[in-house]
Number of protein chains: 2
Amino acid sequence: MATLRDVAAAVGVSHTTVSNAYHRPEKLSGALRERILRTARELGYPGPNPLAAGLATRRAGAVGVLFTEALSYAFTDPAAVLFLQGVAGTSELADVGLTLIPAPPESPSAGEWASDAVRRAVVDGFLAYSLSDDHPGVVAARARGLPLVVVDEPEPRPGDGVPFVYVDDRDGARQAAAHLAGLGHRRVAVLADRLAADGRSGPADGARLGAVTYAVVRHRLAGYLDALPAGSRPPVVECGGNSAELGRAAALGLLAGPPEERPTAILAITDRLAEGALAAARELGVAVPGELSVVGFDDLPPAAAAVPPLTTVRQPLVRKGEVAARMLLDLIAGAAPGAGGAPERVRLPAELVVRSTTAPPAR
Amino acid sequence: MATLRDVAAAVGVSHTTVSNAYHRPEKLSGALRERILRTARELGYPGPNPLAAGLATRRAGAVGVLFTEALSYAFTDPAAVLFLQGVAGTSELADVGLTLIPAPPESPSAGEWASDAVRRAVVDGFLAYSLSDDHPGVVAARARGLPLVVVDEPEPRPGDGVPFVYVDDRDGARQAAAHLAGLGHRRVAVLADRLAADGRSGPADGARLGAVTYAVVRHRLAGYLDALPAGSRPPVVECGGNSAELGRAAALGLLAGPPEERPTAILAITDRLAEGALAAARELGVAVPGELSVVGFDDLPPAAAAVPPLTTVRQPLVRKGEVAARMLLDLIAGAAPGAGGAPERVRLPAELVVRSTTAPPAR
DNA sequence: CTGCTCGTGTTTACCGGTCAACACGAGGAG
DNA sequence: CTCCTCGTGTTGACCGGTAAACACGAGCAG
């Protein structure tokens, strides 16, 4: 493949002049520039090699987004996709690429050399999206010494200097539970997921509830407790994954008992689990919201279209992506976190959206 | 920031040895390797710079996926996301990154230097996803001289040597129309989109139908005609975008007339338009499938969950991504297209899925 | 004792650009 | 007439790695 110097030789000018023909048209006469570009075309020169240019300028021209697990899984999660939409919107404004980086939570197999993808990514900065507290991906990203913005979790220790964008999950959950409590519900159950990365399912005991690995889950759970009558400990059951199917299975168990024993309301930690709960209720002939109230979390597009439309907590997913991307771009552009330019943490509000899956409990 | 040579100097070895400590542990003693790695950590050396490494090895370690329009829009399109899911699944197997590249169809503003993102992307190859026939992004990608696989469109000229992965849209559309024709429908209308990149809406005349810029649309339209009674020219109305809302608006127009004049069936060129048609029918009190049959295209997840469940044509979206990614990876690994290794074109089947939105026309 | 191979490192040449500093002739100001 | 500035280019030094070829002592077979 022809290089910049080949073109220079063919035209009979210096390599710098060819470089300038591409980036600094004003530094040479129009005629010469034309001649250079034409020769380049004739020689099949594909233009300056981005790798070489990047090395010289020390800019990769792209930002990396870190996902837990496989990317193929991330695309399966509507919340992640919406977040990405926000990120994409603002990073293309800044004319930088977007590279997706899978960061499996497996612990390093060959000593300290796990999360290779993070180490090898050609990027100017990272966006860590919703990783667990102990995730090696975040560590690897920090080790790269590049600007890093953490989204949702893991929550950086205050003073740690890591910019952080998050949603007030606790307050959102509190609103959801308060809504239910206000309607008069006393027997409330929680449908949860991801208390840890082990994918376990079934009722969660105190120990497990005390050691939740994901900050988002921790906060939502705490928010529920905030608004429920003091001292009440709603049963929490883990679904083993965030899907309607798994939510349905778990809800089936919750709803198995006789009417006077089963919960009158379910707080689902995500919309998809709520969807599953709705399916389970339908299957069992339990009327929603007559005999059972359900509240979701996220307010994904299908929530409004569900039958009945789902009462849920809205979090600004796209906006979260926009804010995080803007913050990272500022950081890359040179703003010191916390100091003047970029704020160190941004909290986005969550808001209860009451639709048709909640009502006072049957008496 | 410390470099590989700094570490070498600190340890008192050559820089090559440090490089080997990272990539070829067998080329040096374990003790020395440990010492090097430890020193590197102490110096805050972030590991080999990916840009420099890439330059030297001539591998970027990532593949680029080209989308029409903005990325933020692509994430809005479930079909694109599903495709990406397939791509991500196979490229992470190969341990290469995934870079998303927006390729707006605008014509070059500064002479030949449009689609900058394509030219600057640090990738080893491109996947062009569903671009229009004349899209500058494809041209730019070819100009980079890197392996390129085109997905869906633009259809490369035979013998052009560009690998191509596509779905048999024409056959899928034919099946849809044949199903309707078989049920006895004679007044069929088509809900379309993207006849060109101008976003126009309204009835499409012959001239416009003759100059469709997107191959996929062209094929689906042709497939419909294949199966409809010879000589019948169903009215085609453009929606101006692929959304349920726009589909609803267009369908409202189609369904405005008295029962004996309005179509008894609608062929929607995408599921989302079909969804809009369903909404319009519901609004107008037109029973589906009693008074109106609707067939979609794509078989996105919501299609099965719609009420009533949508009859549609399934295309293997995730698989399309997998096949295309595998093909590109093979190409990057050195297989010549067409010759031995990678086949030059792969056609994926489309299949009609009959659900509950189609029935014989009311008599 | 000689000659090979093997394990460990080192030397040296790229990879393909960008950029700061400098060269040089022409036109305009003083 | 001289000096300065400006428009155009050129020189040469990086950017931060990778890899082929070579050096060298030790162990070992013949």
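Quick note on labels: first sequence line is chain A, next is B, and so on, each numbered from 1.
Spacing between atom OH of B:Tyr45 and atom P of D:dC15 amounts to 14 Å, rounded to whole angstrom units. At whole-Å resolution of the value, OH in B:Tyr22 and P in D:dT18 are 10 Å apart. Rounded to an integer number of Å, the gap from B:Arg58 CZ to D:dA20 P is 12 Å. The CG atom of B:Leu51 sits 12 Å away from the C1' atom of C:dG17 (whole-angstrom rounding). Atom CG in A:Asn49 sits about 14 Å away from atom C1' in D:dG17, given to the nearest Å. In this structure, the CD1 atom of A:Ile36 is 10 Å from the C1' atom of D:dG9, given to the nearest Å.
With sequence neighbours excluded, the residues satisfying salt bridge (charged side-chain N to carboxylate O under 4.0 Å, His left out) with B:Arg142 are B:Asp160.
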Could you go through residues 2-14 of chain B and list every donor-acceptor pair under 3.5 Å that involves a side-chain atom there, pairing it with any protein atom two or more places apart or in another chain?
unit_1	atom_1	unit_2	atom_2	d
B:Thr3	OG1	B:Arg5	N	3.1
B:Thr3	OG1	B:Asp6	N	3.4
B:Asp6	OD2	B:Thr3	N	2.8
B:Ser14	OG	B:Thr17	N	3.4
B:Ser14	OG	B:Thr17	OG1	3.2

Protein N or O to nucleotides 8-10 of chain C N or O, pairs below 3.5 Å:
unit_1	atom_1	unit_2	atom_2	d
C:dG9	OP2	B:Ser29	N	2.8
C:dG9	OP2	B:Ser29	OG	3.4
C:dT10	OP2	B:Ser14	N	2.9
C:dT10	OP2	B:Ser14	OG	3.0
C:dT10	OP2	B:Thr17	OG1	2.6

Give me, pair by pair, the N or O atoms of the protein and of nucleotides 25-27 of chain C that are less than 3.5 Å apart, along with how far apart they are.
none

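With respect to A:Arg345 and A:Glu155, a salt bridge is recorded, a charged nitrogen being found less than 4.0 Å from a carboxylate O. B:Arg58 has no carboxylate O lying under 4.0 Å from a charged side-chain N of B:Asp124, or vice versa, which leaves the two without a salt bridge.
Side-chain atoms of B:His23 lie closest to D:dT18 of the nucleotides D:dT18, D:dG17, C:dC19.
B:Arg24 comes within 4.0 angstrom of sugar-phosphate atoms only, judged by non-hydrogen atoms across all strands, and of no base.
Rounded to 10 degrees, the angle between the two end axes of the helix from C:dC1-D:dG30 to C:dG30-D:dC1 is 40°, with five pairs used at each end.
Taking every heavy atom of residues 2-11 of chain A and every atom of DNA chain D, no pair lies under 4.0 Å.
Open room surrounds CZ on B:Arg319; 12 or fewer heavy atoms of other groups in view lie less than 6.0 Å from it.
Although no hydrogens or angles enter the test, the distance criterion places no donor-acceptor pair under 3.5 Å between the side chain of B:Asn20 and the main chain of B:Lys27. A:Glu153 places no side-chain N or O within donor-acceptor distance of the main-chain N or O of A:Ser132, the cut-off being under 3.5 Å.
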Inset, instruction - Check step by step if side chain to side chain contact (heavy atoms under 4.5 Å, CB included) holds for B:Val122 and B:Thr99. - result: CA-CA 8 Å; B:Val122 179; B:Thr99 300; over 6 Å; no
Inset, instruction - Go through the steps to decide whether A:Asp152 and A:Lys320 satisfy the test salt bridge (charged side-chain N to carboxylate O under 4.0 Å, His left out), and finish with yes or no. - result: CA-CA 9 Å; A:Asp152 280 348; A:Lys320 188 162 66 179; 2.8 Å; yes
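No hydrogens or angles considered: nothing links the side chains of B:Thr90 and B:Glu322 as a donor-acceptor pair under 3.5 Å.
Ring geometry for B:Tyr129 against B:Phe83 counts as parallel: the plane angle stays under 30°, on a 0 to 90° scale with 60° as the upper cut.
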